[in-house]
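Here is the structure we will look at, set down as structure tokens.
In what follows, chains are A, B, ... by sequence order, proteins preceding strands, each numbered from 1. As the structure is a prediction and not an experimental result, all values here were calculated from the model. What you see below is based on every heavy atom in this structure, not just the backbone, and it leaves out hydrogens, waters and symmetry mates.
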Amino acid sequence: AQKITQTQPGMFVQEKEAVTLDCTYDTSDPSYGLFWYKQPSSGEMIFLIYQGSYDQQNATEGRYSLNFQKARKSANLVISASQLGDSAMYFCAMREGHGGFKTIFGAGTRLFVKA
Amino acid sequence: EAGVAQSPRYKIIEKRQSVAFWCNPISGHATLYWYQQILGQGPKLLIQFQNNGVVDDSQLPKDRFSAERLKGVDSTLKIQPAKLEDSAVYLCASSIYLAVYQETQYFGPGTRLLVL
């Protein structure tokens, strides 16, 4: 079964607009961490934002925020005021205790920012 | 602060040949990971080291892949013999412990391997 599901293979957004990238996850562990990474065409994975399962507030880091809905098991990434440099692959990931604290990645969403 | 270093950046080999990748993690990071990322997919963990001990190698194809981390710093990943399906990007990451679920990984630029 898919642990991390990213249903949008590709997304387009106009420069300066906001965009939401979807991520749903599956775990029976009450304690877990959720991450978003950006992978530009250069290939390096860049850490963007972290949300803990017990965190009361949604995480924010600059233009990035994580819309965490625990009951729905969703952890969507919101990018505000999109920039051309935001064009990249975005991966949602989860770290859980079941199976030994592995970090599992989704298949990714490719974001295209239009000028 | 220097990031995670990997070499080579690109490698083209023929099937049944051997290849080795090198990784130097961020200074002070005790945990080191090797991932395989096939085109169009997310990274898949191959092996995780804590200092120079193996924590998880459950997804490492041990008949052809091997990895070591001597002295708890640099690491090498070897494939011998390579198959066509090994064509992928091999990513190295390192992390420092913050909290058990908050172990943010920092990735290197990856090695793109093409097996012909």
Measure the spacing between CZ of Arg95(A) and OG of Ser95(B) and express it to the nearest 0.5 Å. 6.5 Å
Which atoms of Ser31(A) approach chain B - backbone, side chain, both or neither, heavy atom under 4.5 Å: both
Honestly, the part of Thr103(A) sitting under 4.5 Å from a heavy atom of chain B is both
So, taking the atom named CE in Met89(A) and the one named CD in Gln37(B), what distance separates them when rounded to the nearest 0.5 Å? 7.5 Å
Could you give the distance from CZ (Phe35(A)) to CD (Gln105(B)), rounded to the nearest 0.5 Å? 7.0 Å
Which pair of heavy atoms, one from Pro43(B) and one from Met45(A), lies closest together, and at what distance? CG-CE, 3.7 Å
Transitively linked via ILVMFWY side-chain contacts under 4.5 Å: Ile38(B) with Phe91(A)? no
Please list, in residue-number order, every residue in residues 79-87 of chain B that has a heavy atom less than 4.5 Å from any heavy atom of chain A; write 'none' if there are none. none
So what's closer than 4.5 Å to chain B heavy atoms on Gln39(A): side chain, backbone, both or neither? side chain
Can you tell me how far the OG1 atom of Thr104(B) sits from the OH atom of Tyr37(A), to the nearest 0.5 Å? 5.5 Å
Who among Gly42(B), Gly110(B), Ser58(B) has the most heavy-atom pairs with chain A under 4.5 Å? Gly42(B)
Phe107(B) side chain near Phe47(A) side chain, heavy-atom distance below 4.5 Å: no
